[in-house]
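Comments concern the structure below.
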Amino acid sequence: MTTRELTYVKAFNEGLHQVMAADPDVFLIGEDVAGYGGVFHMFDGLLTEFGPKRVKDTPIAEQAIIGLGVGAAARGLRPVCDLMFMDFVGVAMDQIFNQAAKMKYMFGGGVSVPLTITTAGGGGMSAAAQHSQSLEAWLAHIPGLKVAMPASAYDAKGLIVGAIRDDNPTIVVMNKKMLGMKGPVPEELYAIPMGQANVVREGSDVTIVAIARMVVEATKAAATLEAEGISVEIIDPRTVQPLDTDTIVTSVKKTNRAVIVHEAVEFGGIGAEISSQIQEAAFDYLDAPVARVAAPFSPSPYSPILENAYMPDAARIAARVRAVVGRG
Amino acid sequence: MTTRELTYVKAFNEGLHQVMAADPDVFLIGEDVAGYGGVFHMFDGLLTEFGPKRVKDTPIAEQAIIGLGVGAAARGLRPVCDLMFMDFVGVAMDQIFNQAAKMKYMFGGGVSVPLTITTAGGGGMSAAAQHSQSLEAWLAHIPGLKVAMPASAYDAKGLIVGAIRDDNPTIVVMNKKMLGMKGPVPEELYAIPMGQANVVREGSDVTIVAIARMVVEATKAAATLEAEGISVEIIDPRTVQPLDTDTIVTSVKKTNRAVIVHEAVEFGGIGAEISSQIQEAAFDYLDAPVARVAAPFSPSPYSPILENAYMPDAARIAARVRAVVGRG
Amino acid sequence: MTQTTALGVQYGPREGYADDVTRELVLELHRGMVRIRLFEEHAGKLVESGDMPGFLHLYVGEEAVATGVMSVLTDADQMTSTHRGHGHAIAKGAQFRPMFAELYGKTTGYCKGRGGSMHIGDTNKGMLGANAIVGGGIPIAVGAAFASQYRGDGTVAASFFGDGATNIGAFHEAVNMAAVWDLPILFICENNGYAEFTAQGNHMKLEDIAERAASYGIPGVVVDGMDVLAVRAVAVAAVERAKAGHGPTLIEAKTYRYFDHQGIKGMRIPYRDAAEVEAWRERDAIKLLEVIGTERDLVSAKEFADIWSQTEAEILEAIEFARNSPEPDPADILDDVYTV
Amino acid sequence: MTQTTALGVQYGPREGYADDVTRELVLELHRGMVRIRLFEEHAGKLVESGDMPGFLHLYVGEEAVATGVMSVLTDADQMTSTHRGHGHAIAKGAQFRPMFAELYGKTTGYCKGRGGSMHIGDTNKGMLGANAIVGGGIPIAVGAAFASQYRGDGTVAASFFGDGATNIGAFHEAVNMAAVWDLPILFICENNGYAEFTAQGNHMKLEDIAERAASYGIPGVVVDGMDVLAVRAVAVAAVERAKAGHGPTLIEAKTYRYFDHQGIKGMRIPYRDAAEVEAWRERDAIKLLEVIGTERDLVSAKEFADIWSQTEAEILEAIEFARNSPEPDPADILDDVYTV
Ligand SMILES: Cc1ncc(C[n+]2csc(CCOP(=O)(O)OP(=O)(O)O)c2C)c(N)n1
Ligand SMILES: Cc1ncc(C[n+]2csc(CCOP(=O)(O)OP(=O)(O)O)c2C)c(N)n1
Ligand SMILES: [Mg+2]
Ligand SMILES: [Mg+2]
């Protein structure tokens with residue numbers, strides 16, 4: 001495999017190009033995904049390469065966008081339906097959770113819905129309360145759906161391909177602030193299957209389970225902590241549904257301490273589920289309570305100063321890890 | 001106070017009658033809430049008593065129903081907007097989480113949104129995957145919103161009154177299977193404020209935190225367990241947002257064991273948040289991992305046999321408590 | 001002999017009307033409608049007697065709509081339905097045994113007991129299912145039509161929904177998208193005058209919902225939903241248009257449900273006049289077709305009667321089958337959530 | 001002298017046109033439009049230079065719509081806006097200082113720095129805010145109109161949205177509900193021909209969005225959105241109708257945004273012709289009003305020029321105010337989430 005550095009968004013884009021080239025049943029619809037290539041460049045070049053039959057701009061109609069994907073998927077195509085901002089799940093939620101996710105089950109298994117939804121989540125751009133959210137906890141609570149959250153260029157490519165090839169409805173949440181981040185990406189087509197966590201970094205004193213861009217912040221924190229003599233293991237679940245509990249629990253049984261980090265508000269976030277599963281499965285191994293680092297219980301603020309205080313970062317993560325380790 | 005036995009739905013209905021009589025700014029809209037009194041009798045008699053200006057049937061248009069409530073509430077009225085089945089939150093989600101819940105914050109506090117949303121959740125009626133859900137975990141994850149889940153006739157009245165009088169957007173989730181259950185209800189108007197848990201039953205060996213109808217099942221389980229010598233304390237949070245963590249943690253610090261029970265699927269349910277908070281706040285007091293009893297990770301089945309196996313009940317709760325206590 | 005009903009609608013064979021109707025067509029449409037009528041009446045009674053679980057939204061009175069439209073579709077054409085879905089399923093080719101078995105929640109049911117009345121469907125017959133969310137099926141049908149266009153396989157899609165459903169956002173979004181892309185789809189509004197217990201006049205300001213088609217730049221057609229031949233005729237034209245690549249048609253069929261919104265007589269508040277119900281029953285679609293068939297000497301009264309009795313017998317047999325079918329095993333509760 | 005533009009639209013004073021226009025009105029409308037124009041141009045530059053954070057959707061080119069409609073509303077009348085909300089806010093009476101302060105994210109801003117461009121609003125002036133969800137504000141405005149009717153206080157509501165927004169479900173549901181209840185509301189579609197980068201012809205099959213009014217049984221009106229007097233005239237009629245209890249009006253104002261969807265020149269792919277932009281700029285609403293004002297001898301060129309320069313000065317002062325205002329304190333981060 002030839003590997004070179006690509007940005008997160010380019011890697012995603014390349015995965016989409018390759019999987020569309022390989023499978024004529026894959027098509028893409030969404031607002032401004034064709035002529036404009038998506039407001040985040042996620043879909044650059046696809047219209048040119050695959051033409052207007054397979055790459056289509058839609059009206060602003062998210063219920064119809066997702067619903068169209070459900071119907072086309074039930075007929076055996078592999079639609080990719082873009083939702084632009086994750087904050088827009090609210091206008092399409094019924095089609096996501098009552099239709100896409102439940103169709104197979106309600107029909108007693110008689111149909112599969114190999115639909116992929118793409119979207120962009122996360123904060124850090126002063127985009128305020130309706131354009132900065134991380135709502136993965138909602139999606140992970142929906143039986144029938146899978147939820148991928150790439151945290152590197154490598155994963156952005158592998159997870160979009162894995163999602164499209166998965167026979168279930170899957171949502172891939174790209175992180176807006178990571179779009180330009182570079183990382184090594186093989187040229188060839190490859191898929192990362194849903195449900196396989198990534199051990200980003202090995203360590204022995206504490207396990208950090210970090211979601212999406214928080215993997216980057218956790219990695220920074222780990223470097224600082226290493227200098228202080230604290231050895232951090234970082235697990236990126238990659239998909240929050242299914243969740244690779246085994247990998248997480250194995251790690252915590254080794255380190256005896258866990259800190260979970262995500263951008264979403266803490267209350268009811270995916271960290272709560274991960275924390276619960278850790279203490280259910282590794283109670284006797286824990287030297288300290290499982291800790292969470294996440295946003296406070298408020299909408300996302302516009303002011304950069306407030307937003308900086310709102311979003312978890314390396315410093316907050318490191319501080320929490322110190323507290324957890326100090327306790328052990 | 002004169003107290004008599006009323007059904008859960010009658011108690012709710014009486015609360016609505018009284019609060020509407022007391023406050024001319026309260027009005028009610030929803031599908032078939034006027035002429036028909038709501039498909040669950042929740043709104044019986046309101047049209048007759050308050051007339052068509054204050055009690056209105058709407059088109060099938062949940063986004064408009066909630067949105068109308070947001071706008072009217074921002075102008076100082078106290079709308080009650082009915083969503084019929086909790087499963088329909090998906091079609092109105094944007095108005096709930098991006099508009100109602102965030103408006104005050106986004107405008108820097110300049111406006112209050114004293115909107116009340118009523119709905120009916122829960123299973124047990126063979127109503128299948130799109131009419132049986134418990135989605136409180138989604139709602140509790142929304143900063144700006146409050147979420148009440150009455151588990152008795154007394155609370156049904158007190159919480160609808162408390163919700164309407166609360167100056168924030170609040171959703172009151174009635175449980176469909178409890179509609180006909182009776183309990184003592186004072187004749188007078190009273191309000192239960194959001195965020196005050198109810199210690200349903202005191203005990204010393206284990207704390208069960210039960211949501212909505214699971215309070216009834218937990219109470220049955222507690223009776224069985226008492227005969228076996230296990231003393232159960234039951235906490236009903238009443239509102240899952242805000243969550244009365246203090247009352248829960250105080251109880252667990254006393255009993256040293258906790259089991260959380262809800263109807264929703266376990267993964268990402270509100271039980272995860274409660275479990276996390278307990279172990280964060282009472283780690284050193286726990287003699288066993290905090291346990292959860294909830295639905296498996298699938299949509300709600302239609303077949304009564306499958307649905308019985310799907311929903312937590314007294315027997316499953318008792319079995320889990322025995323396991324937790326046996327461990328301590 | 002032509003009669004005029006209380007509602008002022010011509011009833012009976014009309015001059016120059018459906019001149020090309022054949023004996024075979026009359027028999028097929030009649031059997032189709034009778035199958036729905038009797039299925040629904042039995043199902044309704046079984047739920048009301050407590051023999052069967054669930055909620056049932058019965059289609060009795062509206063049989064001509066599903067039957068007329070579906071008579072021009074093939075198994076490869078896809079269809080989405082509503083909470084009131086049994087009639088659509090039967091018209092699309094669903095069989096009595098797995099239908100009843102599903103309502104009984106048995107493993108032999110179309111959804112293995114997982115779906116029930118509100119999710120019933122036979123994917124092999126091109127049914128993307130009943131749907132318990134008002135408007136929920138409409139975008140899905142658009143997706144099926146998209147697949148037809150994408151594959152160029154000459155199939156079409158049809159989506160059924162009520163008058164009430166045309167007020168919900170999903171309807172608007174889906175019809176507009178199908179129109180923009182000229183998708184091969186029929187949008188069939190079954191206007192029975194009520195959304196649950198709310199009369200049309202209280203949920204919209206229009207008389208003819210077909211007028212909404214103008215918002216999407218597509219044709220809208222009003223048809224007498226009690227006249228299966230008329231319904232069939234508009235469906236034929238709409239399918240032709242769809243196959244020719246000219247896009248969707250919005251068909252409004254004026255019809256009526258004889259029973260309550262849910263069940264046969266769950267009506268606890270009189271939200272419509274008995275006289276109104278009677279007037280519609282007088283225009284019964286099955287009776288009308290029998291008049292046409294006999295007056296034109298295409299089908300004898302005896303033959304019609306035989307269809308009723310044969311269908312009745314089939315149904316009783318299917319109910320027995322369903323009753324005797326095995327219950328699902330709770331051990332399999334997590335099956336069918338994901339494709340693995 | 002009457003000219004005809006490249007688009008074939010009469011430009012300049014017309015026979016029998018707006019005969020009753022007064023000097024005061026021209027001055028008011030002119031100042032209103034200039035306030036928006038200059039605010040937007042400055043704000044756009046401040047963001048593009050990196051001095052100010054956030055995304056800005058600028059209203060330049062569309063000033064006549066907000067200004068014309070708002071000129072007939074009072075502070076008690078409520079309004080909802082869109083992602084492109086500065087113009088609506090200013091037209092409704094918002095002041096430059098707290099506007100700029102909000103864009104700078106300062107405590108002196110309308111939202112104390114919590115909302116920013118996409119949520120800006122002054123609740124004291126009857127603004128229920130900008131809204132970053134397409135269509136999100138429309139049902140909310142219906143709620144405000146409901147409150148007007150409920151209280152019988154003689155106020156009305158207005159909701160602004162784009163051509164693209166009329167394809168989303170919330171639009172459909174909200175307009176239908178307002179129609180059914182005869183609520184006192186103006187629905188104003190600012191048809192600038194594009195939803196982001198998608199031309200109208202690719203997102204709907206209609207030319208005139210006002211036709212969608214027929215789906216709800218309400219009047220639909222097309223108006224030249226570059227002519228503030230014409231906009232004002234249709235708004236006057238719609239407000240009269242609303243106050244008389246006759247319900248909503250759908251107004252489609254044909255207009256154009258001079259800048260990119262977001263920012264001034266973020267356009268990375270040419271989705272529209274330079275000639276198209278030029279043709280619309282030739283019909284500029286502010287220039288048109290200046291022609292009318294001077295040719296009728298109502299306002300002198302000097303007076304118009306003074307409005308520009310006074311406004312410019314006000315804006316520079318407001319920017320300074322905003323820059324020097326205090327940043328929010330992260331310690332207060334949980335404030336304003338709940339009313340306690
Ligand atoms: C989104 C949503 N809202 C409300 C309901 C409850 N509901 C079920 S059927 C119905 C009425 C539907 O009316 P119509 O579309 O005219 O169909 P009909 O029942 O008359 O066949 C309603 C309101 C629902 N199932 N889904
Ligand atoms: C529900 C939703 N979908 C998509 C978007 C992204 N978006 C923001 S503005 C816009 C285009 C809006 O077009 P139009 O309504 O014509 O308004 P204009 O920008 O032309 O003023 C889109 C798609 C959004 N904010 N909300
Ligand atoms: Mg109906
Ligand atoms: Mg536009």
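Chain identifiers are assigned alphabetically (A, B, ...) following the order of the sequence lines, protein sequences preceding nucleic acid strands; residue numbering begins at 1 within each chain.
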For this session: Can you see which heavy atom on C:D329 is nearest to which on B:L306, and at what distance?
Result: O-CD2, 3.9 Å

Exercise. Chain C heavy atoms under 4.5 Å from B:Y310: which part of the residue, side chain, backbone, both or neither?
Worked result: both

Exercise. Which pair of non-hydrogen atoms, one from C:P330 and one from B:A309, has the smallest distance, and what is that distance?
Worked result: CB-CB, 3.6 Å

Exercise. What part of C:N131 lies closer than 4.5 angstrom to a heavy atom of chain B: side chain, backbone, both or neither?
Worked result: both

Exercise. With only heavy atoms counted, which part of C:T166 is less than 4.5 Å from chain B, the side chain, the backbone, both or neither?
Worked result: neither

Exercise. Does B:V39 reach the side chain of C:F197, with side-chain heavy atoms less than 4.5 Å apart?
Worked result: yes

Exercise. Can C:V134 and B:I60 be said to form a side chain to side chain contact (heavy atoms under 4.5 Å, CB included), step by step?
Worked result: CA-CA 8 Å; C:V134 167; B:I60 307 175; 3.8 Å; yes

Exercise. Would C:M118 and B:H131 satisfy side chain to side chain contact (heavy atoms under 4.5 Å, CB included), going step by step from the backbone distance to the final call?
Worked result: CA-CA 10 Å; C:M118 288 195 287; B:H131 277 66; 3.9 Å; yes

For this session: Among C:G164, C:P53, C:G54, C:A195, single out the residue with the greatest number of heavy-atom pairs under 4.5 Å to chain B.
Result: C:P53

Exercise. So with a 6.0 Å cut-off around CD of B:E49, is the heavy-atom count from everything else above 12?
Worked result: yes

Exercise. For the residue pair B:F85 and C:F55, does the interplanar ring angle fall in the parallel (under 30°), tilted (30 to 60°) or perpendicular (over 60°) class?
Worked result: perpendicular

Problem set entry | Most chain B-contacting option - heavy-atom pairs closer than 4.5 Å, from C:P328, C:G109, C:A165, C:G136 | C:P328

Exercise. Is the NZ atom of B:K10 crowded by more than 12 outside heavy atoms at less than 6.0 Å?
Worked result: no

Problem set entry | Interatomic spacing from CD in B:E31 to CD1 in C:I168 - rounded to 0.5 Å | 7.0 Å

Problem set entry | C:T198 to B:D32 - nearest heavy-atom pair and separation | OG1-OD1, 2.7 Å

Problem set entry | Point-to-point distance, once rounded to the nearest 0.5 Å, from OG of B:S300 to CZ of C:R114 | 11.5 Å

Seminar exercise, completed: Checked B:A127, B:A61, B:A64 vs chain C; the most non-hydrogen pairs under 4.5 Å come from B:A127

Problem set entry | Polar side-chain atom of B:Y302 near backbone of C:L103 as donor-acceptor pair, under 3.5 Å | yes

